[in-house]
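The structure under discussion appears below in the form of structure tokens.
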Amino acid sequence: MPRFLSCLALLGAVWASAIHAEEPKKAPEVSVTTATDNPKTVRLAELAKDGPVLVRLTCACSGCDAELPHFKKLAAAYKDKGLKTLAIFKEPESATRSYAKDQKLDFLVASDPDGKLWDVFETKTMPTNVLVGKGGNIIAVVKGCKRDGSNAEQLSEQIAGLLKTKPVPIASEKGDAGSR
């Protein structure tokens with residue numbers, strides 16, 4: 001009889017945890033205007049409709065600048081597999097547009113000099129990377145700067161899982177960290 005009660009207690013605990021499991025958090029409704037010569041409005045929900053989106057809340061400081069080659073590599077590695085990347089810079093639109101051209105960024109770029117989207121995404125950390133899955137649920141939030149590319153490497157693993165493909169090594173070479 002004690003074994004039966006033990007099993008019953010275990011089943012009760014599993015059932016209770018299933019009921020109280022957190023629902024996946026939806027990404028906020030966000031619309032931004034691209035910082036390009038031909039600006040267009042993009043909605044995060046629309047981008048996430050068909051596949052994952054990496055939202056990078058960033059700036060052009062020395063740390064984010066040193067980390068940028070890893071995120072360029074990440075975006076390029078998964079772009080043809082369905083990843084969309086949106087970098088939102090905390091600089092004025094003209095500075096963002098100029099920086100994007102100088103760095104040859106091949107993904108969506110927007111400007112938010114007032115940092116309103118940092119509040120929307122509930123973060124104070126610069127940079128913050130938010131991986132949004134197909135359909136709009138937040139899959140991962142990676143905060144802070146890692147000049148060695150380990151943040152991009154971590155996201156590569158998660159993106160590969162979402163896209164059901166082999167992870168692409170991002171920070172594999174020692175001399176990779178500061179190259180452009």
Side-chain angles (χ1 to χ4, degrees), residues 20-36 39-61 63-65 67-91 93 96-97 99-100 103-146 149-171:
H20 298 296
E22 278 189 39
E23 289 291 318
K25 187 173 181 180
K26 274 297 219 190
E29 286 292 323
V30 174
S31 293
V32 295
T33 302
T34 58
T36 60
K40 65 180 181 177
T41 300
V42 294
R43 291 181 45 241
L44 180 55
E46 225 14 71
L47 293 175
K49 203 156 73 172
D50 298 322
V53 179
L54 177 60
V55 178
R56 182 164 166 78
L57 301 166
T58 188
C59 67
C61 70
C64 291
D65 198 41
E67 194 178 43
L68 182 61
H70 301 292
F71 280 91
K72 286 172 62 173
K73 187 175 180 180
L74 179 71
Y78 295 103
K79 181 179 182 178
D80 291 340
K81 293 174 177 70
L83 176 70
K84 295 167 200 81
T85 302
L86 170 62
I88 303 170
F89 287 84
K90 205 170 187 177
E91 274 80 31
E93 190 270 335
T96 298
R97 186 175 47 240
Y99 184 80
Q103 296 296 325
K104 297 177 176 80
L105 300 184
D106 189 26
F107 41 81
L108 296 168
V109 178
S111 177
D112 178 24
D114 298 327
K116 291 177 183 169
L117 290 175
W118 275 253
D119 292 336
V120 170
F121 280 98
E122 300 173 358
T123 187
K124 304 265 185 251
T125 307
M126 180 85 70
T128 292
N129 301 284
V130 181
L131 180 58
V132 178
K134 181 178 180 177
N137 288 333
I138 294 177
I139 305 299
V141 177
V142 178
K143 296 179 180 183
C145 179
K146 300 285 177 130
S150 58
N151 281 346
E153 190 78 40
Q154 176 186 346
L155 286 163
S156 179
E157 296 281 334
Q158 293 173 309
I159 292 165
L162 291 173
L163 295 172
K164 296 179 180 16
T165 189
K166 184 178 176 189
V168 174
I170 301 298

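Numbers here simply count residues along the sequence, with the first being 1. Below, each value reflects all heavy atoms present in this structure, side chains not excepted, and no hydrogens, waters or symmetry copies.
Residues P113 and S111 share a closest heavy-atom pair of CD-OG, 3.4 Å. Taking each heavy atom of L54 and L83 in turn, the nearest pair found is N-CD1, 3.9 Å. Across all non-hydrogen atoms, the minimal contact from D65 to A60 is CB-O, 4.5 Å. Closest approach of H70 and A152 over heavy atoms only: CB-CB, 3.8 Å. Taking every heavy atom of both residues into account, F71 and F107 meet most closely at O-CE2, 4.4 Å. Shortest non-hydrogen contact noted between P28 and L44 is O-CD2, 3.9 Å.
Counting only heavy atoms from C-beta outward, the side chains of K84 and D50 approach each other to under 4.5 Å. Looking only at side-chain heavy atoms (C-beta outward), L131 and L162 come within less than 4.5 Å of each other.
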message: Run the side-chain contact (heavy atoms from CB on, under 4.5 Å) test on M126 and C145 for me, step by step, so that the C-alpha distance in whole Å, both residues' side-chain angles and the decisive distance to 0.1 Å come before the verdict.
response: CA-CA 7 Å; M126 180 85 70; C145 179; over 6 Å; no
message: Is there a side-chain contact (heavy atoms from CB on, under 4.5 Å) between L105 and L68? Walk through the geometry before answering.
response: CA-CA 9 Å; L105 300 184; L68 182 61; 3.9 Å; yes
- request: Could you go through the side-chain contact (heavy atoms from CB on, under 4.5 Å) check for K40 and L108 one step at a time?
  value: CA-CA 10 Å; K40 65 180 181 177; L108 296 168; 4.3 Å; yes
- prompt: Yes or no on side-chain contact (heavy atoms from CB on, under 4.5 Å) for L117 and L57, after CA distance, side-chain angles and deciding distance?
  reply: CA-CA 8 Å; L117 290 175; L57 301 166; 4.2 Å; yes
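At least one donor-acceptor pair closer than 3.5 Å links the side chain of K26 to the backbone N or O of G135. Side-chain atoms of Y78 come within 3.5 Å of backbone N or O of V168 as a donor-acceptor pair. Judged by distance alone, the side chain of K72 and the main-chain N or O of Q103 form a donor-acceptor pair under 3.5 Å. The closest donor-acceptor contact from the side chain of E153 to the backbone of A171 lies under 3.5 Å. D106 places no side-chain N or O within donor-acceptor distance of the main-chain N or O of A76, the cut-off being under 3.5 Å.
For residues 120-129, the pairs satisfying side chain to side chain donor-acceptor pair (under 3.5 Å) are K25-E122, R56-N129, T123-T128, with sequence neighbours left out.
Note that the OG1 atom of T33 and the CD atom of E93 stand 9.0 Å from one another [nearest 0.5 Å]. Within the model, atoms CG of L163 and NZ of K81 stand 8.5 Å from one another, a figure rounded to the nearest 0.5 Å. Between the SG atom in C59 and the CD1 atom in I88 there is a gap of 13.5 Å [rounded to 0.5 Å].
A side-chain contact (heavy atoms from CB on, under 4.5 Å) with L74 is found for one member of I170, T85, N151 and no other, namely I170.
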